[in-house]
Undergrad: 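Sharing a structure with you now.
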Amino acid sequence: MMGLLEVVDLTVEFPTRRGVLRALDRVSFSIDTGEVLGVVGESGAGKSLTGAAIVGLLERPGRIASGEIRLDGQRIDNLEAEPLRRIRGRRIGTIFQDPLTTLNPLYTIGRQLTETMQTHLRLSGNQARDRAIGWLERVGIPAAAQRFGAYPHEFSGGQRQRVVIALALCAEPALVIADEPTTALDVSVQAQIITLLKDLTRDHGTAVMLVTHDMGVIAETADRVAVMYAGRIAEIGPVAAVVRHPAHPYTEGLMASIPALEHRVDRLRQIDGAMPRLDAIPTGCRFHPRCPHAFDRCLAQRPELLPAGATQAACWLHADG
Ligand code: SF4
């Protein structure tokens, strides 16, 4: 069965004066209706770039060099700006780290919600207003009817992110791309926002691509997880399998960053070294300079995703299945 979102061999490049930098290199994955796919990796691994490419918001001069992105079977990677903008509002909702990049400071939140709904759904002014208040209630804004006329700066950071979630979901999109939705918030508010996002998307059968550097958030929220390293997917699979039995040496090291897994600490180790820069990607497996298991083949040949227990890992250790 086809996924709701299909990303096939997505390659994103940045032309520079010193040559073309390949920031995403043949990234493939899918997300089904109602599924939460976590995308995790260090900063610069390509996870936010993947989200930006899907919604057509790659920063110039970045461009999709090859590959396809399909939503419900329709290609969306080659659309003109206007049809893509419509899809972005109607079929794909977005939640970014800083609510202030999404909310317009000059308009009341009520106006922003009703305009979004009326752009994408057939609703009268009164219907849109009722629904907007309903959404504010659902995302936990107290006294929603009174706050309808308030401006973004009149809300706390956590409440603003709740409003952004309402804004992302109010046009009933099939897919939500949430990029570090809780990173800018107080720790005490983070769990509430994640729970809210999870509950609402589950109730509405919305697919979610949750981009974060925080494996703890993924472990709590996602059904499956894609681990990215230096512009490629290192491992992808059901979240429980990836957390408990990571198949890629990089994932194994990454698991050390989940405090909740303290009981496994004896088996974990921090990974020495740093992710390579885009202009200095190693040959073969791009993780090989940091990998404690690297052998000859790793330096010469690039591994594609291979079945590895319940997950798939781009690692030659799994070459024999
Ligand atoms: Fe390590 Fe080789 Fe596997 Fe890469 S392919 S992760 S270098 S063992």
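Just so you know, ligand 1 is whichever comes first in the structure, and atom 1 is the first atom listed for that ligand.
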Undergrad: Which atoms of ligand 1 are found less than 4.0 Å from any heavy atom of H248?
TA: 6 (S)

Undergrad: Is any side-chain N of the basic residue among D25 and R286 closer than 4.0 Å to the acidic one's carboxylate O?
TA: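 So D25 pairs with R286 through a salt bridge.
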
Undergrad: Ignoring water, what protein N, O or S atoms are under 2.8 Å from atom 2 (Fe) of ligand 1?
TA: C298 SG

Undergrad: For R131, is there an ion pair with E172 - N to carboxylate O distance below 4.0 angstrom?
TA: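 Judged by the 4.0 Å cut-off on N to carboxylate O distance, E172 and R131 do form a salt bridge.
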
Undergrad: If hydrophobic clusters are built by linking Ile, Leu, Val, Met, Phe, Trp and Tyr wherever their side-chain heavy atoms come under 4.5 Å apart, do F148 and L167 end up in the same one?
TA: no

Undergrad: Under the ring-ring contact (aromatic ring centres under 6.0 Å, His included) definition, can you give me all pairs with a residue in residues 71-127, not counting sequence neighbours?
TA: none

Undergrad: Say whether, by atom type as modelled, one donor and one acceptor occur between the side chain of D72 and the main chain of L4 under 3.5 angstrom.
TA: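 Judged by distance alone, no pair lies under 3.5 Å.
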
Undergrad: Aromatic ring centroids of H204 and W135 under 6.0 Å?
TA: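 Yes.
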
